[in-house]
There are 2 protein chains.
Amino acid sequence: MDEFMQAAIAEAEKGLAEGGIPIGSVIVHDGKIIGRGHNRRVQQGSVVLHGEMDAFENAGRQTASVYRDCTLYTTLSPCPMCSGAILLYGIPRVIIGENQTFMGDESLLESRGVELSVLQDPTCIKLMEEFIHNSPTLWNEDIGE
Amino acid sequence: MDEFMQAAIAEAEKGLAEGGIPIGSVIVHDGKIIGRGHNRRVQQGSVVLHGEMDAFENAGRQTASVYRDCTLYTTLSPCPMCSGAILLYGIPRVIIGENQTFMGDESLLESRGVELSVLQDPTCIKLMEEFIHNSPTLWNEDIGE
């Protein structure tokens, strides 16, 4: 598997080990990870730091020219908030671990010209299937349900 | 003026006094402010804490039933990221100070059934006009340009 999706999965697994929601993300520029993150709802009581948002935050302040040459990797299909952040910063490509356990706002991203690639990766699917099975209330909270 | 938009403006002014970007927001539930915030790009080096996002974060973890009975007030038309957060959490009503200096993703919000009200408030417009005039580079960074 792509080393960057592996890094996103490693973030998701770190989140799970912390008692959190197992979703991870990395942002790649010029062949290098400039930001990595995972969901922080449990760990920090954060309602905005989904995995993708945490990766944006950890990448820090970047210029538009950098964002427009980045690829974002995420273990799970991006929700409306994370999709909005991808649009705000003009990230042109998103690699998605899977969208079987949760379908995010992929149609919005595609309608705005973002290039998506969905891997349906078994490790990503298993992480979320087990988590949703074990913690349905927490999962529903994370997706506003 | 509505006391809640006044509270959002007070947040924007607090941000400006801190050397930050003057955009503020409050989230109201049952006639009470449950979260207030302002843009934290300068103060915390944050790329995700726009005013609306900071208000969500400061409101903390809420149930879906609370979010679905909230009104979000923001001094400026919400960008794609903040619009996405509004959609994720199912906020049904957004009161917008102005959309003359920046038009956010109002069409997306409306297409998903969010009720918008735009005040074109002179105080909100003046805050942004002066800020954009004085700090165009910082402003462009905040909107991904």
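Numbers restart at 1 for each chain; the letters A, B, ... are given by sequence-line order, proteins then strands.
Residues B:Ile143 and B:Leu76 share a hydrophobic cluster, clusters being chains of Ile/Leu/Val/Met/Phe/Trp/Tyr side chains in contact below 4.5 Å. With hydrophobic clusters built from ILVMFWY side chains whose heavy atoms lie under 4.5 angstrom apart, B:Leu72 does not share a cluster with B:Met5. Cluster annotation: B:Ile95 and B:Ile91 are assigned to distinct hydrophobic clusters (Ile/Leu/Val/Met/Phe/Trp/Tyr, side-chain heavy-atom contacts under 4.5 Å, transitive). Placement of A:Leu88 and B:Leu138 in two distinct hydrophobic clusters is found when ILVMFWY residues are connected by side-chain heavy-atom separations under 4.5 Å, directly or transitively. A continuous path of hydrophobic side-chain contacts links B:Ile132 to B:Ile23 [ILVMFWY only; heavy atoms under 4.5 Å].
Interatomic distance, SG of B:Cys82 versus CE of A:Met81, reported as 10.5 Å (0.5 Å rounding). In this structure, OH on B:Tyr67 lies 7.0 Å from CD on A:Glu141, to the nearest 0.5 angstrom.
Of the candidates A:Leu87, A:Leu108, A:Ile86, B:Pro80 forms a side chain to side chain contact (heavy atoms under 4.5 Å, CB included) with just one, namely A:Leu87.
Heavy-atom distances place no part of B:Gln44 under 4.5 Å from chain A, backbone and side chain included. Within the 4.5 angstrom heavy-atom criterion, atoms from both the backbone and the side chain of B:Arg41 approach chain A.
Scanning residues 45-58 of chain A against chain B with a 4.5 Å heavy-atom cutoff picks out A:Gly45, A:Ser46, A:Val47, A:Val48, A:Leu49, A:His50, A:Met53, A:Phe56, A:Glu57, ordered by number.
A:Ala64 and B:Gly144 make their closest contact through CB-O, 3.6 Å (heavy atoms, listed as atom of the first residue, atom of the second, distance).
Salt-bridge formation is not detected for the pair B:Asp142/A:Arg61: no Lys NZ or Arg NE/NH1/NH2 atom is positioned less than 4.0 Å from an Asp or Glu carboxylate oxygen.
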